[in-house]
Structures are given as C-alpha cells and as structure tokens.
Amino acid sequence: MALIAPSFDDYATKYETIRLERDEAGVLQMTLHSDGKSLVWTPQVHDELAYCFTDIACDAENRVLVLTGVGDSFCSEIDFSTFSLGTAKDWSQIIFEGQRLLQNLMNIEVPVIAAINGPATVHPEIPVLSDITIASNTTTFADSPHFANGIVPGDGAHICWTHVLGPQRGRYFLLTEQTLDAEQALAFGVVNEVVAPEQVLPRAREIAARIAAKPPLGARYTRVMLTREIKRLIHEQQGMGLTHEALAALSL
C-alpha cells in the first residue's frame, strides 16, 4: 500500500514565510522570514506555522529540525493591522489556529534545535520550547504583544514561561513586561548556549548532525519522552488561556 503521508517535495515550497531545506542526513532547516527579511508576525505566519509543523511531523524522513530566522532578529515585530480581533468569530479562528500551532510543534517526534539569531520578543515561546536552544549574544526575550497592550498572555506564553523560568520568575517576566538579554536567559535556563551571531546556525547544525547520526528511533522516542510534561501542560491549559485572552480583548 502506498504511503499517503507527505514527502518533503510535497511541502518544501508550500509556504511563503517559511524556507525549508533538508540535507542527506535528514536535518531539516526551517527558516522563518518575511520577504527574505526578519520575520514580522501576521495571521499568515500564524496559519502557516500550524500547518507546516504538521507536515514536518508527518514526514518520517526528517531526523532533526533546526529552527532559525533571517537577519538581525528572530521575530521582534508584529503587524497588528493585519489582525481582526473585534468579534467572537474572529477569536474563534485565532483560538483554533493558536492551539494547533503549539500542539503541532510539540507533535514533531524528532529533536528540535533553535538557532536564535537575534531578538525574539514576539511569540518567543516557539523557539524557547525547542529541545536545545542556541542563541546569539544579541538575542533578547520578551512577550511584547500581550500584557503591555492589555492582552492576556494566554496563547501559550503563560505555559511556556512559568515552565521554563519557574512559577515565580515566569509570572514576574509576564506581569512586569521584563526583557531578558542573552546572558540572563542563559543564567535562567531559557537557552543552552550563547555564541556570536555568525556561530549560531553552524553550532546548531553541528549538534543536529550529531543527533541525526544516532539510531532513528532512539532519537525520535527520546524527544517523545522528554516532551511529555510540556505537552500535558499545553493540552490542559492552552484552550482556557486563549479563551480568557479573547474575553479580555473583546472588553477593550
């Protein structure tokens, strides 16, 4: 029986904001961008990531995923003008795609390595939830779109940061609109290594190549076991978080 799961050729050029390249060892590099420049967050990015993570997860030829960005920033801008947030119908779509985005990321059953090339202040939970995080020394982390604008950080930020930083630091980070620089992020356990900008991607790919050389099921099932707790938290808490985010936003 022919397999119906997607092959790399099926989705390699499918997405406008995601560049995909895979080497012979099965290391898939996923580069986020906006017209070839640093990523600007829009509904299109939100939508494409959710579906792209599904394609990646369903392709058994992928051995390791390296997630990175373009230019001086991983993602530090959001185009609010492209979002419709005024009705329950608008938020129904955001809640649907928002849950799919993080859940589909976590459903990828191969190790994920983030090569964070610069400031990640819009949806930084996406690279931070990787198994291994390599950050440029120019990187900063913040949750800029939410509490600063009176919006509940309920799309997964509330789960990620209280999990990665711990409850006290996580709540402080979100409620005070804190910005962490690369060295603080390293000290707090948000990232694993801090290197010069030009070394970020080579270092991530070096680690990826080493993992890709391991027995496939050993690497795959290690990722599965190491992500069970955060997957449980996302499953239990993200739907309620997004609903509270919607309710508070509709009252503005």
Side-chain angles (χ1 to χ4, degrees), residues 15 17-23 27-42 45 48-49 52-53 56 64-79 101-102 105 108 110-146 148 153 156-157 160-161 163-166 169-170 173-174 176-212 223 230:
Y15 301 102
T17 64
I18 303 166
R19 186 165 66 239
L20 296 165
E21 308 162 84
R22 189 170 70 194
D23 65 19
V27 176
L28 176 64
Q29 182 173 313
M30 180 181 189
T31 306
L32 309 184
H33 67 95
S34 292
D35 296 323
K37 300 177 182 179
S38 294
L39 187 69
V40 177
W41 193 265
T42 64
V45 176
E48 288 195 349
L49 280 172
C52 187
F53 287 146
I56 291 169
V64 183
L65 173 63
V66 174
L67 175 64
T68 193
V70 168
D72 296 330
S73 169
F74 184 87
C75 184
S76 59
E77 293 184 58
I78 182 169
D79 185 354
L101 195 158
L102 280 192
L105 169 60
I108 294 173
V110 296
V112 179
I113 302 171
I116 307 172
N117 53 300
T121 58
V122 177
H123 285 287
E125 69 277 2
I126 294 172
V128 165
L129 288 175
S130 300
D131 302 300
I132 297 171
T133 48
I134 311 299
S136 163
N137 57 22
T138 62
T139 298
T140 56
F141 294 98
D143 185 52
S144 62
H146 292 113
C160 169
W161 292 105
H163 179 73
V164 172
L165 290 173
R169 281 179 173 161
F173 175 81
L174 293 170
T176 66
E177 305 161 39
Q178 184 180 20
T179 297
L180 299 176
D181 63 29
E183 291 302 326
Q184 286 175 301
L186 181 64
F188 289 172
V190 176
V191 300
N192 301 114
E193 298 181 20
V194 173
V195 298
E198 66 274 12
Q199 296 173 353
V200 172
L201 187 55
R203 176 58 178 153
R205 293 196 61 95
E206 176 189 352
I207 297 171
R210 193 159 63 242
I211 293 174
R223 155 79 172 180
I230 187 61

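Here the structure is a predicted model, which is why all the values come from computation and not from measurement.
- To the nearest 0.5 Å, atom CH2 of residue Trp161 and atom CZ of residue Phe141 are 6.0 Å apart.
- A donor-acceptor contact shorter than 3.5 Å is absent between the side chain of Asp143 and the backbone of Leu174.
- The CD1 atom of Ile211 lies 4.0 Å from the CD1 atom of Ile113; values are rounded to the nearest 0.5 Å.
- Pairs engaging residues 112-137 under the ring-ring contact (aromatic ring centres under 6.0 Å, His included) rule: Trp41-His123 [sequence neighbours left out].
- In this structure, Ser34 contributes its side chain and Val40 its backbone to a donor-acceptor pair below 3.5 Å.
- For the pair Arg223 (side chain) and Ile108 (backbone), a donor-acceptor distance under 3.5 Å is present.
- Annotation: salt bridge (charged side-chain N to carboxylate O under 4.0 Å, His left out) contacts involving residues 189-208, sequence neighbours excluded, comprise Asp23-Arg205, Glu193-Arg203, Arg203-Glu206.
- Side-chain N/O atoms of Thr133 and Asn192 include a donor and acceptor closer than 3.5 Å.
- A distance of 10.0 Å separates CG of Leu67 from CG of Leu28, quoted to the nearest 0.5 Å.
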Working for side-chain contact (heavy atoms from CB on, under 4.5 Å), residues Ile56 and Val110: CA-CA 9 Å; Ile56 291 169; Val110 296; 5.5 Å; no
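- The structure places NZ of Lys37 at 10.5 Å from CD of Glu77, a figure rounded to the nearest 0.5 Å.
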Using the side-chain contact (heavy atoms from CB on, under 4.5 Å) rule, take Met30 and Leu49 through it: C-alpha gap first, then chi angles, then the decisive distance, then the call. CA-CA 10 Å; Met30 180 181 189; Leu49 280 172; 3.6 Å; yes
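- Applying the side-chain contact (heavy atoms from CB on, under 4.5 Å) test between Leu180 and each of Val190, Thr140, Thr121 identifies Val190 as the sole match.
- Judged purely by atom type and a 3.5 angstrom limit, Asn137 has no side-chain atom pairing as donor or acceptor with the backbone of Ala182.
- A donor-acceptor pair is defined here as one N or O able to donate and one able to accept, closer than 3.5 Å; no such pair exists between the side chain of Ser76 and the backbone of Ala120.
- None of Ile207, Leu201, Val66, Thr68 except one satisfies the side-chain contact (heavy atoms from CB on, under 4.5 Å) rule with Ile134; the exception is Ile207.
- Take Ala135 and apply the side-chain contact (heavy atoms from CB on, under 4.5 Å) test, not counting sequence neighbours, and it matches Ile116, Thr139, Val191.
- Side-chain atoms of Glu48 come within 3.5 Å of backbone atoms of Thr17 as a donor-acceptor pair (strictly under, hydrogens ignored).
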